[in-house]
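One structure is given here, and the rest of the page talks about it.
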Protein chains: 2
Amino acid sequence: MDINGTGERFADGFGPAAHTGAPRVGHEVLAVVFQVREGRLCVLVWRRGRPPCEGLWALPGGSLGMLEGLGESIRRQLAQKVDVRDLSHLEQLETRGDPDRDPFARTLATAYLGLVPAGIDPVVPPDTEWCFASELLPMAFDHTAMVDSARRRLRAKLSYTNIGFALAPPEFTMSQLSRYYRAALGHDVAATNLRRVLLRRGQIEETGRSVPSGRSGGRPAALFRFRARTLEITDAFAVLRPPAD
Amino acid sequence: MDINGTGERFADGFGPAAHTGAPRVGHEVLAVVFQVREGRLCVLVWRRGRPPCEGLWALPGGSLGMLEGLGESIRRQLAQKVDVRDLSHLEQLETRGDPDRDPFARTLATAYLGLVPAGIDPVVPPDTEWCFASELLPMAFDHTAMVDSARRRLRAKLSYTNIGFALAPPEFTMSQLSRYYRAALGHDVAATNLRRVLLRRGQIEETGRSVPSGRSGGRPAALFRFRARTLEITDAFAVLRPPAD
DNA sequence: TCGAGTTTTAGCCTGAAAGACAAAAACTAG
DNA sequence: CTAGTTTTTGTCTTTCAGGCTAAAACTCGA
C-alpha cells in the first residue's frame, strides 16, 4: 500500500499503530429500532441524563467490545433495552465519522436498523421510550440523520423485499397488515391491492383460519402469514432483466 | 445509557476511554473502484508486498486520519491511486468489524463503492492494476466479500437509479451505453430497450450530434448524455405508491 | 452510381404488474 | 329479517418492460 515509497502513506500524520497503521479512535454501535404502535411508526430512544447533549433523545447502543463483531455488539446492547428475541430484523445501515460529530471525542458510530413486530410490548428501562417517528424532537449528535436514513431504508425495502414480515406479528389480517404498511410508508395502502401484490410475489399465504372483524360486524377476515421470516428480494423487481431465452 | 445502574454498560470489559466509553480500535477506509474496460467490469486492486496476506490482491485505502471524515479520507487516499477528478461516484458500502478479520490487529474497515467513467485511463502505481471483476483471485482479509457487496450494489442501482452516469463518459451512443450496462450487469442489454427505458425515465437526453458507426458502415449513432451527474432514484420504481388523488 | 452489407432508429405488439373501482359475500346488531 | 359494516372477489385501466420487424442512414466495393 506504500504506493511509491515516499512515505505518503502517513500523510495523515499518524504512524502505524499496528501493521495497518490505523489510528485508534473510539467506536460505538447504535440502533434505530422501529415498531408500529397505535398504528404509527415509533422509534426506541432514551433521554440522555448527562452531558454532552444532556436531556436530548439518543439512540440505544454503546461502545464496541474488543472481542465482539459489530452485529454481535448491537444485539448484546439491545438485549439491555429490548428483549433480543423480539427483534425480527437487524441490518447495518451506515457508519458516521465526521470529526466533529461528537464534540468531546473522536468517535465513529455504526448505525443499525432494527425492527420489532407489532403487537408485543418489550420491557424497557425508565429513561427509554417509544417515540412517534414523525414527531421526533431534535436528537443528540447525528442521531436524527441516522433515523432519517433508517426510515428511507425501511420504506424502500417495503417496496422490493418481504421486509413486512418484520413489522407484522406471525399472523395477521390484510387490513391489519395494510395499517402496518401505512404507518411505515406514511400514506394509505389499499388492503385489496396489497393482498394481490404480496400474494403474487409469493410473500404471504393464507393460514386457512379467520377471525371476526370489528365489533360492529363485518365479514370475518382471513388470517395470513409471511412465507419467510428472513429478508428476500423480489427479483421480479429488477429492471433491465437478463434476456428471456 | 446506564440502563439500570448495575454497571452492565461495561459488560464488554472495557471502561470508558472518553465520555462515551468507546474502546479504541484501528479503523481503515477502503474502496471498491469499478471501471468498465475492454467491455468488462474491472476492479482497482494492488498486490500486497508484505505480510499479512503477502502477495494477495487488496483493495486500495488505508488508515483513517485523526482529523478527517470517512468520505474525505477515502477520497484523499484514492487520490494517490486514481486521480480524484476521475471519480464519478462514491458511496459508502458497509463496515466490517469481525474480531478476526485481520489476524494481527483489531481493525474495523469501512468500504466504499467508487466508479470511474469508461474511456479514461488514470495513472496508477506499479503495484496496482485493473482486474476483471469476474476473474478476481482470492483477496486479502475480507476484501472479496466487499467486492461482492459492491457488485450487488452496483447491479441493483443500475435498475432503480441513474447511476449509469458514473459508468459512461459524458457523451455516448446507445450501443456503447448498452455495453457498459452489459459489463456491469453480467448479461446482454438490448440497446433499443435501454434507450426507451432511460428516455422515459428522463435519465438521458439527445445531444443533437451523432457519430459515424463502425468502420464497416452503418447508420450514424446519435450521441446521448445523462441529464444529471449525481445519484437520483427513479421514483416510478416504488411499488405501493401513495394513492393517486 | 448502384447494390450489398451493417448499424441504428422507429413503430408495433405482447405480457406482466400495479392500482382503481364496483359488486358480491359474510358477518353483527337491532 | 333488515340495515350497516367489513372483507373478498372480479373487472377494468394504465403503465412499463421487452421482443420483434421494418425503415432509415450510412460505408464499401463493383
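Bear in mind that the values here come from a model prediction, so they are computed numbers and not experimental data. Just so we're on the same page: letters track the sequence lines, and every chain starts at 1.
- With hydrogens and angles ignored, the 3.5 Å screen pairs a side-chain donor or acceptor of B/Tyr112 with a backbone N or O of B/Gly71.
- Residues from residues 169-196 of chain A placing a heavy atom under 4.0 Å of any atom in DNA chain D, listed by number, are A/Ser175, A/Thr192, A/Arg195.
- For A/Arg219 and C/dC27, the CZ to C1' distance is 9 Å, given to the nearest whole Å.
- Annotation: ring pair (Phe, Tyr, Trp, His ring centres under 6.0 Å) contacts of B/Phe34 (sequence neighbours excluded): none.
- Other residues, nucleotides and ligands contribute over 12 non-hydrogen atoms within 6.0 Å of the CD atom of A/Glu135.
- At D/dT15, none of the side-chain N or O atoms of B/Arg200 fall inside 4.0 Å of OP1 or OP2 (strictly under the cut-off).
- Each of A/Ala221 and B/Pro212 lies near DNA chain D, and the nucleotide nearest A/Ala221 is the one positioned closer to the 5' end.
- Counting to the nearest Å, the P atom of C/dC27 and the CZ atom of A/Arg209 are 17 Å from each other.
- A side-chain donor from one of A/Glu94 and A/Ser149 sits under 3.5 Å from a side-chain acceptor of the other.
- Annotation: cation-pi geometry satisfied between B/Arg40 and B/Phe132 (NZ/CZ under 6.0 angstrom from ring centroid, within 45° of ring axis).
- In the model, B/Gln203 has a side-chain atom that pairs as donor or acceptor with a side-chain atom of B/Thr234 under 3.5 Å.
- If B/Ser210 and A/Ser213 are placed on DNA chain C by their nearest nucleotide, the residue sitting closer to the 5' end is B/Ser210.
- If you measure from atom CG of B/Leu199 to atom C1' of D/dC16, you get 14 Å, rounded to the nearest angstrom.
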